[in-house]
Amino acid sequence: MVRIISYKTREREDGTPFYLLVVQGGIEMVKSKTTEQYYATAKKAMVSTTFDEDTCKGLIGSEFPGKISKVTTEPYQYTIKDTGEVITLEHRYIYLPEGVEAEEEKAAVELEQTLM
């Protein structure tokens, strides 16, 4: 299960807005490479919608089947907002509906990249 925790507004090439839902998976315990202590985290992803802003606001808190999956991508630059540090990443997190198999993940990433 994933939960809608927020939404974001983006702009199409023609200047009209569209909305993305921010979805979050369940809590996971991860061991820090630095301190070797465990901490709680949750993966997040964005999902494109055809909804208007009011609908997106109303959906916050809703849950639906699926998972957030880490998939390998071509390397890209990412700036950490808090520090300004630029790092290179080779993965993304995407939403996958329940029942989607691993081999479909790569196709989903490729499709999502063409939409962003």
Side-chain angles (χ1 to χ4, degrees):
M1 294 294 278
V2 298
R3 176 176 290 168
I4 299 168
I5 61 168
S6 184
Y7 72 94
K8 296 198 180 280
T9 306
R10 295 289 187 264
E11 204 170 271
R12 292 184 185 94
E13 289 180 10
D14 67 2
T16 59
F18 70 97
Y19 301 94
L20 303 168
L21 296 175
V22 180
V23 297
Q24 180 175 291
I27 294 175
E28 299 176 31
M29 297 304 290
V30 177
K31 189 174 185 178
S32 169
K33 292 178 184 176
T34 307
T35 66
E36 299 201 12
Q37 298 294 313
Y38 285 90
Y39 63 94
T41 189
K43 295 175 187 168
K44 295 179 188 173
M46 288 189 257
V47 179
S48 297
T49 75
T50 59
F51 303 137
D52 62 16
E53 187 170 15
D54 288 338
T55 302
C56 291
K57 284 180 187 178
L59 290 171
I60 294 173
S62 300
E63 291 185 347
F64 55 97
K67 65 181 179 176
I68 307 299
S69 184
K70 182 178 178 178
V71 293
T72 303
T73 63
E74 293 294 321
Y76 64 96
Q77 300 293 307
Y78 176 79
T79 303
I80 300 171
K81 291 179 184 177
D82 292 340
T83 65
E85 179 184 4
V86 178
I87 59 174
T88 300
L89 297 176
E90 295 181 12
H91 69 276
R92 290 182 48 168
Y93 292 102
I94 63 168
Y95 165 75
L96 292 175
E98 196 170 81
V100 172
E101 299 299 323
E103 58 268 6
E104 293 177 271
E105 290 181 24
K106 185 171 175 65
V109 170
E110 291 170 358
L111 175 62
E112 193 172 276
Q113 287 175 341
T114 62
L115 297 174
M116 294 299 198

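When a residue number appears, it is its place in the shown sequence, counting from 1. Everything numeric here is computed off the predicted structure, so don't read it as measured data.
- Proximity of Q24 to K43: side-chain heavy atoms (C-beta onward) are nowhere separated by under 4.5 Å.
- Here the side chains of V23 and F64 are in contact, with some heavy-atom distance below 4.5 Å.
- Two residues are said to be in side-chain contact when any heavy atoms from C-beta on lie closer than 4.5 Å; I68 and V2 meet this criterion.
- Two residues are said to be in side-chain contact when any heavy atoms from C-beta on lie closer than 4.5 Å; Y7 and K57 meet this criterion.
- Note: S62 OG to L21 CG = 9.0 Å, rounded to the nearest 0.5 Å.
- From K8, atom NZ reaches atom CG of L20 across 9.0 Å, with rounding to the nearest 0.5 Å.
- For the pair E98 and P65, the tightest heavy-atom approach, listed with the atom from each and the gap, is OE2-CB, 3.6 Å.
- The salt bridge (Lys or Arg N to Asp or Glu O under 4.0 Å) check on R3 picks up E63, with sequence neighbours excluded.
- Following chains of ILVMFWY side-chain contacts shorter than 4.5 Å, one cannot reach I94 starting from Y78, and the two form parts of different hydrophobic clusters.
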Would you tabulate the side-chain donor-acceptor contacts of residues 82-91 under 3.5 Å, counting partners in other chains and residues two or more places apart, or write 'none'?
| unit_1 | atom_1 | unit_2 | atom_2 | d |
| --- | --- | --- | --- | --- |
| T83 | OG1 | E85 | N | 3.2 |
| T88 | OG1 | Q77 | NE2 | 2.9 |

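- Distance check, rounded to the nearest 0.5 Å: NZ of K31 to OH of Y38 gives 4.5 Å.
- R92 is not listed as a side-chain neighbour of M46, based on a closest heavy-atom distance of 4.5 Å or more.
- V47 and I60 fall within the same hydrophobic cluster, where Ile, Leu, Val, Met, Phe, Trp and Tyr residues are linked whenever their side-chain heavy atoms come under 4.5 Å apart, directly or through other members.
- Hydrophobic clustering, with ILVMFWY side chains joined whenever heavy atoms are under 4.5 angstrom apart, keeps M1 apart from I4.
- When hydrophobic residues (I, L, V, M, F, W, Y) are linked wherever their side-chain heavy atoms come within less than 4.5 Å, the members clustered with Y39 are V30.
- Under the 4.5 Å side-chain criterion, counting only non-hydrogen atoms from C-beta, E53 is in contact with Y19.
- More than 12 heavy atoms of other residues, nucleotides or ligands sit less than 6.0 Å from atom CD1 of I80.
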